[in-house]
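Beneath this line is the structure, given in C-alpha coordinates, with notes to follow.
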Amino acid sequence: MHILGLANGSIGGNSELLLKSALSSASSSNPSITTSWLHVPSIIFPRNAGPLKNSVDISAGTNASNNSNGIDTSSQRDDRPKLLNAILDADAIIFSTAVYSHQPAGALKALLDNVLGPYTDAALATRIAEAKKSDPSSTYASMSMDGRILKPRVAAFLAVGGSTTPDQFTMVLPSLHLFCYSLHMKIVDQVEFMGYANPGAVLRSAGDEVMKRASQLGANVASQIGRSFDDARYLGPEPEGACPACHLAKYDFFGGANNAIGCVTCGNTGRLVVEDGKVRPQWDEESEYCCMWMKGKQKHVDDIFKKGSAEWKGGQGDEAFEERLREWRGRDVGKVEFG
(Lines give C-alpha, C1' and ligand atoms only; values in the text may rest on other atoms or scores of the structure.)
Protein backbone atom coordinates (compact mmCIF):
# COMPACT_ATOMS: atom_id res chain seq x y z
CA MET A 1 0.00 0.00 0.00
CA HIS A 2 1.26 3.47 -0.87
CA ILE A 3 0.40 6.91 0.53
CA LEU A 4 1.05 10.02 -1.56
CA GLY A 5 1.43 13.36 0.19
CA LEU A 6 0.67 16.68 -1.48
CA ALA A 7 2.36 19.67 0.18
CA ASN A 8 0.77 22.95 -0.88
CA GLY A 9 2.73 25.77 0.73
CA SER A 10 6.20 27.25 0.89
CA ILE A 11 9.20 24.93 0.53
CA GLY A 12 10.24 23.82 4.01
CA GLY A 13 7.17 25.51 5.46
CA ASN A 14 4.57 24.34 7.96
CA SER A 15 2.48 22.37 5.47
CA GLU A 16 5.55 20.36 4.44
CA LEU A 17 6.53 19.63 8.06
CA LEU A 18 3.00 18.53 8.98
CA LEU A 19 2.85 16.26 5.95
CA LYS A 20 6.17 14.62 6.83
CA SER A 21 4.92 13.98 10.35
CA ALA A 22 1.78 12.30 9.00
CA LEU A 23 3.65 10.20 6.44
CA SER A 24 6.30 9.11 8.95
CA SER A 25 3.61 8.02 11.38
CA ALA A 26 1.70 6.11 8.71
CA SER A 27 4.72 4.09 7.62
CA SER A 28 5.77 3.47 11.24
CA SER A 29 2.35 2.14 12.18
CA ASN A 30 2.31 -0.28 9.23
CA PRO A 31 5.70 -1.37 7.81
CA SER A 32 4.03 -2.55 4.58
CA ILE A 33 3.07 1.05 3.75
CA THR A 34 5.36 3.09 1.52
CA THR A 35 5.17 6.87 1.15
CA SER A 36 6.17 9.64 -1.21
CA TRP A 37 5.33 13.32 -1.47
CA LEU A 38 5.44 16.20 -3.92
CA HIS A 39 5.45 19.99 -3.73
CA VAL A 40 2.32 21.20 -5.53
CA PRO A 41 3.47 24.79 -6.33
CA SER A 42 6.49 23.33 -8.16
CA ILE A 43 4.33 21.44 -10.67
CA ILE A 44 4.33 22.88 -14.18
CA PHE A 45 1.19 22.90 -16.33
CA PRO A 46 1.30 24.09 -19.97
CA ARG A 47 -0.82 27.14 -20.67
CA ASN A 48 -4.39 26.22 -21.63
CA ALA A 49 -3.32 22.62 -22.09
CA GLY A 50 -5.68 20.15 -23.71
CA PRO A 51 -6.74 16.94 -21.97
CA LEU A 52 -4.09 14.30 -21.38
CA LYS A 53 -3.96 11.47 -23.90
CA ASN A 54 -6.70 8.88 -23.30
CA SER A 55 -8.18 10.90 -20.44
CA VAL A 56 -11.91 10.66 -19.89
CA ASP A 57 -13.43 14.10 -20.23
CA ILE A 58 -16.98 14.45 -18.94
CA SER A 59 -17.27 17.77 -20.78
CA ALA A 60 -16.63 16.07 -24.15
CA GLY A 61 -13.74 18.45 -24.78
CA THR A 62 -15.67 21.66 -24.21
CA ASN A 63 -13.97 22.75 -20.97
CA ALA A 64 -12.77 26.27 -21.60
CA SER A 65 -9.67 25.69 -19.48
CA ASN A 66 -8.63 22.94 -21.90
CA ASN A 67 -9.02 24.93 -25.08
CA SER A 68 -5.60 25.98 -26.34
CA ASN A 69 -7.10 28.44 -28.86
CA GLY A 70 -4.23 27.90 -31.25
CA ILE A 71 -1.44 28.33 -28.68
CA ASP A 72 1.39 25.86 -29.33
CA THR A 73 2.19 24.19 -26.02
CA SER A 74 4.25 21.30 -27.41
CA SER A 75 7.57 22.79 -26.26
CA GLN A 76 6.38 23.57 -22.73
CA ARG A 77 7.22 21.42 -19.76
CA ASP A 78 4.26 19.27 -18.75
CA ASP A 79 4.31 17.53 -15.35
CA ARG A 80 0.75 16.28 -15.64
CA PRO A 81 1.43 12.69 -16.82
CA LYS A 82 3.85 12.00 -13.96
CA LEU A 83 1.53 13.67 -11.47
CA LEU A 84 -1.51 11.73 -12.67
CA ASN A 85 0.33 8.42 -12.44
CA ALA A 86 1.48 9.24 -8.91
CA ILE A 87 -2.11 9.95 -7.89
CA LEU A 88 -3.62 6.90 -9.60
CA ASP A 89 -0.95 4.58 -8.18
CA ALA A 90 -1.63 5.79 -4.63
CA ASP A 91 -3.91 3.94 -2.22
CA ALA A 92 -4.25 7.01 0.00
CA ILE A 93 -3.59 10.72 -0.36
CA ILE A 94 -2.82 13.25 2.37
CA PHE A 95 -3.32 16.90 1.45
CA SER A 96 -1.37 19.40 3.52
CA THR A 97 -1.91 23.05 2.67
CA ALA A 98 -1.22 26.58 3.72
CA VAL A 99 -4.31 28.76 4.14
CA TYR A 100 -4.50 31.96 2.08
CA SER A 101 -7.60 34.18 2.15
CA HIS A 102 -9.87 31.60 3.82
CA GLN A 103 -8.94 28.83 1.34
CA PRO A 104 -6.14 26.43 0.40
CA ALA A 105 -3.27 28.12 -1.42
CA GLY A 106 -4.26 28.46 -5.09
CA ALA A 107 -1.72 26.12 -6.71
CA LEU A 108 -3.85 23.19 -5.57
CA LYS A 109 -6.85 24.36 -7.63
CA ALA A 110 -4.74 24.20 -10.80
CA LEU A 111 -4.08 20.54 -10.04
CA LEU A 112 -7.81 19.91 -9.80
CA ASP A 113 -8.63 21.71 -13.03
CA ASN A 114 -5.79 20.21 -15.08
CA VAL A 115 -5.46 16.64 -13.81
CA LEU A 116 -8.36 15.56 -11.59
CA GLY A 117 -11.98 16.70 -11.79
CA PRO A 118 -13.67 15.50 -14.99
CA TYR A 119 -10.65 13.45 -16.10
CA THR A 120 -10.59 11.05 -13.16
CA ASP A 121 -14.31 10.74 -12.50
CA ALA A 122 -15.11 7.45 -10.79
CA ALA A 123 -18.82 7.78 -11.55
CA LEU A 124 -18.10 8.18 -15.26
CA ALA A 125 -15.58 5.33 -15.14
CA THR A 126 -18.23 3.15 -13.51
CA ARG A 127 -20.74 4.02 -16.24
CA ILE A 128 -18.12 3.13 -18.89
CA ALA A 129 -17.27 -0.20 -17.24
CA GLU A 130 -20.96 -1.10 -16.94
CA ALA A 131 -21.70 -0.15 -20.55
CA LYS A 132 -18.82 -2.20 -21.95
CA LYS A 133 -20.37 -5.26 -20.31
CA SER A 134 -24.05 -4.67 -20.97
CA ASP A 135 -24.50 -2.08 -23.75
CA PRO A 136 -21.57 -2.07 -26.22
CA SER A 137 -23.41 0.27 -28.61
CA SER A 138 -23.80 3.10 -26.07
CA THR A 139 -21.81 6.33 -25.96
CA TYR A 140 -20.29 5.29 -22.65
CA ALA A 141 -19.01 2.01 -24.08
CA SER A 142 -17.05 3.84 -26.80
CA MET A 143 -14.97 5.66 -24.17
CA SER A 144 -11.72 4.44 -22.67
CA MET A 145 -10.70 4.87 -19.07
CA ASP A 146 -7.86 3.97 -16.72
CA GLY A 147 -8.94 1.16 -14.41
CA ARG A 148 -6.89 2.63 -11.57
CA ILE A 149 -9.54 5.33 -11.22
CA LEU A 150 -11.81 2.76 -9.56
CA LYS A 151 -9.38 1.40 -6.95
CA PRO A 152 -10.37 2.05 -3.29
CA ARG A 153 -8.70 5.13 -1.79
CA VAL A 154 -8.82 7.05 1.45
CA ALA A 155 -7.70 10.63 2.06
CA ALA A 156 -7.11 13.16 4.82
CA PHE A 157 -6.57 16.91 5.14
CA LEU A 158 -4.11 19.09 7.05
CA ALA A 159 -4.52 22.87 6.86
CA VAL A 160 -2.38 25.49 8.59
CA GLY A 161 -2.54 29.29 8.71
CA GLY A 162 -1.39 32.27 10.73
CA SER A 163 -4.73 33.63 11.90
CA THR A 164 -5.93 32.69 15.38
CA THR A 165 -9.65 33.05 14.59
CA PRO A 166 -11.84 30.51 12.77
CA ASP A 167 -13.49 33.09 10.50
CA GLN A 168 -10.28 33.07 8.45
CA PHE A 169 -10.57 29.31 7.80
CA THR A 170 -14.21 29.05 6.74
CA MET A 171 -13.65 27.65 3.24
CA VAL A 172 -10.50 25.59 3.73
CA LEU A 173 -11.89 22.15 4.48
CA PRO A 174 -14.90 22.49 2.15
CA SER A 175 -12.51 23.39 -0.68
CA LEU A 176 -10.23 20.45 0.08
CA HIS A 177 -13.17 18.07 -0.29
CA LEU A 178 -13.36 19.12 -3.95
CA PHE A 179 -10.15 17.21 -4.62
CA CYS A 180 -11.63 13.91 -3.50
CA TYR A 181 -15.05 13.93 -5.20
CA SER A 182 -14.02 12.69 -8.61
CA LEU A 183 -11.89 9.75 -7.42
CA HIS A 184 -14.51 8.79 -4.82
CA MET A 185 -11.96 8.87 -1.99
CA LYS A 186 -13.24 8.37 1.54
CA ILE A 187 -12.13 11.13 3.94
CA VAL A 188 -10.92 9.57 7.19
CA ASP A 189 -9.57 12.64 9.02
CA GLN A 190 -9.35 16.44 8.65
CA VAL A 191 -7.88 19.14 10.84
CA GLU A 192 -7.06 22.87 10.83
CA PHE A 193 -4.18 24.45 12.75
CA MET A 194 -4.65 28.14 13.56
CA GLY A 195 -2.03 30.63 14.69
CA TYR A 196 1.07 29.27 12.93
CA ALA A 197 2.27 31.82 10.39
CA ASN A 198 6.05 31.64 10.27
CA PRO A 199 7.85 28.70 8.60
CA GLY A 200 8.54 26.05 11.23
CA ALA A 201 6.17 27.55 13.80
CA VAL A 202 4.30 24.25 14.09
CA LEU A 203 7.38 22.81 15.81
CA ARG A 204 6.94 25.25 18.71
CA SER A 205 3.39 24.37 19.79
CA ALA A 206 2.74 23.61 23.46
CA GLY A 207 3.60 20.00 24.20
CA ASP A 208 4.32 19.52 20.50
CA GLU A 209 0.55 19.06 20.13
CA VAL A 210 0.43 20.13 16.48
CA MET A 211 2.99 17.63 15.20
CA LYS A 212 1.43 14.94 17.37
CA ARG A 213 -1.99 15.64 15.83
CA ALA A 214 -0.50 15.41 12.34
CA SER A 215 1.11 12.14 13.36
CA GLN A 216 -2.27 10.84 14.56
CA LEU A 217 -3.83 11.78 11.23
CA GLY A 218 -1.18 9.71 9.46
CA ALA A 219 -1.89 6.75 11.71
CA ASN A 220 -5.63 7.13 11.04
CA VAL A 221 -5.02 7.00 7.30
CA ALA A 222 -2.82 3.91 7.70
CA SER A 223 -5.55 2.17 9.72
CA GLN A 224 -8.12 2.61 6.92
CA ILE A 225 -5.97 2.19 3.81
CA GLY A 226 -7.15 -0.48 1.40
CA ARG A 227 -10.76 -0.39 2.58
CA SER A 228 -13.64 0.36 0.24
CA PHE A 229 -15.50 3.66 0.44
CA ASP A 230 -18.34 2.05 2.40
CA ASP A 231 -16.06 0.18 4.79
CA ALA A 232 -13.52 2.89 5.62
CA ARG A 233 -14.35 4.81 8.82
CA TYR A 234 -14.10 8.52 9.49
CA LEU A 235 -11.86 9.04 12.54
CA GLY A 236 -11.58 12.83 12.68
CA PRO A 237 -13.40 15.56 14.62
CA GLU A 238 -17.14 16.03 14.15
CA PRO A 239 -18.69 19.37 15.13
CA GLU A 240 -22.23 19.56 16.49
CA GLY A 241 -24.77 19.24 13.69
CA ALA A 242 -22.21 17.99 11.18
CA CYS A 243 -23.28 16.52 7.87
CA PRO A 244 -22.86 12.72 8.06
CA ALA A 245 -21.29 12.62 4.59
CA CYS A 246 -18.48 15.21 4.87
CA HIS A 247 -18.46 15.66 8.67
CA LEU A 248 -18.54 19.44 8.43
CA ALA A 249 -21.22 21.85 9.67
CA LYS A 250 -21.56 24.24 6.72
CA TYR A 251 -25.15 24.95 5.64
CA ASP A 252 -27.16 26.71 2.97
CA PHE A 253 -30.61 27.66 4.25
CA PHE A 254 -33.23 27.18 1.53
CA GLY A 255 -36.25 27.74 3.80
CA GLY A 256 -39.77 26.85 2.73
CA ALA A 257 -42.32 24.89 4.70
CA ASN A 258 -39.75 22.26 5.69
CA ASN A 259 -36.94 24.69 6.62
CA ALA A 260 -34.81 22.96 3.97
CA ILE A 261 -31.02 23.12 4.16
CA GLY A 262 -28.17 21.92 1.98
CA CYS A 263 -24.58 21.11 2.86
CA VAL A 264 -22.28 23.71 1.32
CA THR A 265 -19.47 21.18 1.13
CA CYS A 266 -21.06 18.13 -0.46
CA GLY A 267 -24.66 19.01 -1.40
CA ASN A 268 -26.32 16.69 1.11
CA THR A 269 -29.89 17.69 1.92
CA GLY A 270 -31.85 18.03 5.11
CA ARG A 271 -33.93 20.40 7.19
CA LEU A 272 -33.79 22.36 10.43
CA VAL A 273 -35.91 20.97 13.24
CA VAL A 274 -36.60 21.99 16.82
CA GLU A 275 -36.12 19.35 19.49
CA ASP A 276 -36.12 20.05 23.24
CA GLY A 277 -36.12 23.76 22.51
CA LYS A 278 -32.98 23.54 20.40
CA VAL A 279 -32.64 24.08 16.63
CA ARG A 280 -30.56 21.44 14.90
CA PRO A 281 -30.14 19.94 11.42
CA GLN A 282 -31.80 16.68 10.45
CA TRP A 283 -29.94 15.17 7.52
CA ASP A 284 -31.25 12.88 4.78
CA GLU A 285 -29.66 9.48 4.32
CA GLU A 286 -27.69 9.12 1.06
CA SER A 287 -29.33 12.04 -0.68
CA GLU A 288 -29.10 11.85 -4.47
CA TYR A 289 -27.76 15.41 -4.41
CA CYS A 290 -24.81 14.54 -2.19
CA CYS A 291 -21.62 14.27 -4.23
CA MET A 292 -19.90 12.20 -1.55
CA TRP A 293 -22.07 9.20 -2.37
CA MET A 294 -21.79 7.35 -5.68
CA LYS A 295 -25.52 7.88 -6.22
CA GLY A 296 -25.00 11.65 -6.26
CA LYS A 297 -21.91 11.41 -8.46
CA GLN A 298 -23.72 9.33 -11.06
CA LYS A 299 -26.71 11.67 -11.03
CA HIS A 300 -24.29 14.48 -11.89
CA VAL A 301 -22.60 12.50 -14.69
CA ASP A 302 -25.94 11.59 -16.26
CA ASP A 303 -27.17 15.17 -15.95
CA ILE A 304 -24.06 16.59 -17.64
CA PHE A 305 -24.27 14.14 -20.52
CA LYS A 306 -27.98 14.73 -21.04
CA LYS A 307 -27.64 18.53 -20.90
CA GLY A 308 -24.44 18.59 -22.95
CA SER A 309 -25.93 16.38 -25.65
CA ALA A 310 -29.02 18.58 -25.90
CA GLU A 311 -26.89 21.73 -26.16
CA TRP A 312 -24.68 20.18 -28.83
CA LYS A 313 -27.56 18.98 -30.97
CA GLY A 314 -29.40 22.28 -30.52
CA GLY A 315 -26.44 24.25 -31.85
CA GLN A 316 -25.71 22.07 -34.87
CA GLY A 317 -26.89 23.66 -38.11
CA ASP A 318 -28.11 26.81 -36.39
CA GLU A 319 -26.50 29.37 -38.67
CA ALA A 320 -27.80 32.37 -36.72
CA PHE A 321 -26.29 30.99 -33.51
CA GLU A 322 -22.95 30.22 -35.18
CA GLU A 323 -22.78 33.70 -36.70
CA ARG A 324 -23.54 35.32 -33.35
CA LEU A 325 -20.94 33.13 -31.68
CA ARG A 326 -18.28 34.18 -34.21
CA GLU A 327 -19.22 37.83 -33.72
CA TRP A 328 -18.90 37.71 -29.94
CA ARG A 329 -15.65 35.74 -30.04
CA GLY A 330 -14.17 38.27 -32.44
CA ARG A 331 -15.38 41.38 -30.65
CA ASP A 332 -12.50 43.59 -29.48
CA VAL A 333 -13.02 45.20 -26.07
CA GLY A 334 -9.35 45.81 -25.26
CA LYS A 335 -7.77 42.45 -24.41
CA VAL A 336 -4.49 42.60 -22.50
CA GLU A 337 -1.94 40.39 -24.25
CA PHE A 338 0.91 38.45 -22.66
CA GLY A 339 4.05 37.08 -24.26
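By convention here, the first residue in the shown sequence is residue 1.
Of all heavy-atom pairs spanning N198 and N14, the tightest one is O-ND2, 3.0 Å. Nearest approach of A123 to V301, heavy atoms of both residues: CB-CG2, 3.7 Å. Here the closest non-hydrogen pair linking S175 and P104 is CB-CD, 3.5 Å. Contact record, F193 with A214: CZ-N, 4.3 Å, taken as the closest heavy-atom pair. Closest heavy-atom contact between I33 and A26: CD1-O, 3.9 Å. F45 approaches V115 most closely through the heavy-atom pair CE2-CG2, 3.9 Å.
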**Message:** Run the side chain to side chain contact (heavy atoms under 4.5 Å, CB included) test on L173 and T265 for me, step by step, so that the C-alpha distance in whole Å, both residues' side-chain angles and the decisive distance to 0.1 Å come before the verdict.
**Reply:** CA-CA 8 Å; L173 293 178; T265 305; over 6 Å; no
**Message:** side chain to side chain contact (heavy atoms under 4.5 Å, CB included), that's the test. Do C266 and Y181 meet it? Break it down for me.
**Reply:** CA-CA 9 Å; C266 69; Y181 291 158; 4.0 Å; yes
W37 and L23: CA distance, side-chain angles, deciding distance, side chain to side chain contact (heavy atoms under 4.5 Å, CB included) verdict: CA-CA 9 Å; W37 72 282; L23 293 177; 3.9 Å; yes
- Item | Verdict with reasoning, L217 to Q190, per side chain to side chain contact (heavy atoms under 4.5 Å, CB included) | CA-CA 8 Å; L217 180 139; Q190 53 192 336; 5.9 Å; no
Taking it one step at a time, do R213 and D189 satisfy salt bridge (Lys or Arg N to Asp or Glu O under 4.0 Å)? CA-CA 11 Å; R213 179 64 180 90; D189 200 353; 2.8 Å; yes
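The side-chain heavy atoms of T165 and M194, taken from C-beta on, include no pair separated by under 4.5 Å. With contacts defined as side-chain heavy-atom distances shorter than 4.5 Å, the pair D252/I261 does not qualify. For the pair W283 and C263, the minimum side-chain heavy-atom distance is below 4.5 Å. Annotation: side chain of P46 is in contact with side chain of R80 (closest heavy-atom distance under 4.5 Å). With a 4.5 Å cut-off on side-chain heavy atoms, I93 and M185 count as touching. Using a 4.5 Å heavy-atom threshold, the side chains of N258 and L272 count as separate. A 4.5 Å side-chain heavy-atom check between I187 and F157 finds at least one atom pair inside the cut-off. Looking only at side-chain heavy atoms (C-beta outward), I87 and R148 stay at 4.5 Å or farther from each other.
In terms of hydrophobic clustering, with Ile, Leu, Val, Met, Phe, Trp and Tyr side chains grouped at heavy-atom distances under 4.5 Å, V191 and V172 are assigned to different clusters. Using a 4.5 Å cut-off between side-chain heavy atoms of Ile, Leu, Val, Met, Phe, Trp and Tyr, with links allowed through other members, L17 and L38 fall into different hydrophobic clusters. I3 and L111 end up in different hydrophobic clusters when Ile, Leu, Val, Met, Phe, Trp and Tyr side chains are linked at under 4.5 Å. The cluster map of Ile, Leu, Val, Met, Phe, Trp and Tyr, joined by side-chain heavy atoms under 4.5 Å apart, puts F169 and V160 in different clusters. M292 and V221 are assigned to two separate hydrophobic clusters, defined by single-linkage of ILVMFWY side chains at heavy-atom distances under 4.5 Å.
Heavy atoms of other residues, nucleotides or ligands lying less than 6.0 angstrom from CE of M171 number 12 at most. Within 6.0 Å of the CD atom in E327, the count of heavy atoms belonging to other residues, nucleotides or ligands exceeds 12.
Panel note: side chain K132, backbone A141; a donor-acceptor pair is recorded below 3.5 Å. Of the possible polar contacts, none joining the D135 side chain to the A131 backbone as a donor-acceptor pair under 3.5 Å is found. With D79 contributing its side chain and I44 its backbone, the two residues share a donor-acceptor pair below 3.5 Å. Under the 3.5 Å distance criterion, the side-chain polar atoms of S15 are left unmatched by any main-chain donor or acceptor of T97.
Counted by atom type alone, H2 and T35 present zero donor-acceptor pairs between their side chains at under 3.5 Å. For the 3.5 Å distance criterion, the side chains of N220 and Q216 qualify, holding a donor opposite an acceptor. A donor atom on one side chain and an acceptor atom on the other are found under 3.5 Å apart for S32 and N30. Looking at S215 and S21, their side chains never bring a donor and an acceptor atom within 3.5 Å of each other. Side-chain N/O atoms of Q224 and Y234 include no donor and acceptor closer than 3.5 Å. For the residue pair D284 / T269, a side-chain donor-acceptor distance below 3.5 Å is found, with atom types taken as modelled.
Contact check on E323 versus R326 returns a salt bridge, with a Lys/Arg side-chain nitrogen under 4.0 Å from an Asp/Glu carboxylate oxygen. Comment: D303 does not engage K299 in a salt bridge, judged by the lack of any side-chain N to carboxylate O separation of less than 4.0 angstrom. Using a 4.0 Å cut-off between a side-chain N of Lys or Arg and a carboxylate O of Asp or Glu, D146 and K151 do not qualify as a salt bridge. A salt bridge links E16 with K20: the distance from a Lys NZ or Arg NE/NH1/NH2 to an Asp or Glu carboxylate oxygen falls below 4.0 Å. A salt bridge links E240 with K278: the closest approach of a Lys/Arg side-chain nitrogen to an acidic carboxylate oxygen falls below 4.0 angstrom. With respect to D91 and R153, no salt bridge is recorded, no charged nitrogen being found less than 4.0 Å from a carboxylate O. Ionic pairing of E130 and R127 is present here: one or more N-O contacts between side-chain nitrogen and carboxylate oxygen are shorter than 4.0 angstrom. We find that D231 and K186 are not joined by a salt bridge, their nearest charged nitrogen and carboxylate oxygen being 4.0 Å or further apart.
Expressed to the nearest 0.5 Å, how far NE2 of H39 lies from CD1 of I11 amounts to 4.5 Å. For the atom pair K212 NZ and S25 OG, the distance stands at 12.5 Å (nearest 0.5 Å). Going from atom NE2 of H184 over to atom OG of S228 covers 8.5 Å, rounded to the nearest 0.5 Å. Note that CG of N268 and SG of C290 are 4.5 Å apart. Values are rounded to the nearest 0.5 Å. Note that CG of L112 is 7.0 Å distant from OG of S182, once rounded to the nearest 0.5 Å. Of the inter-residue distances, the one linking I43 atom CD1 with L83 atom CG reads 4.5 Å to the nearest 0.5 angstrom.
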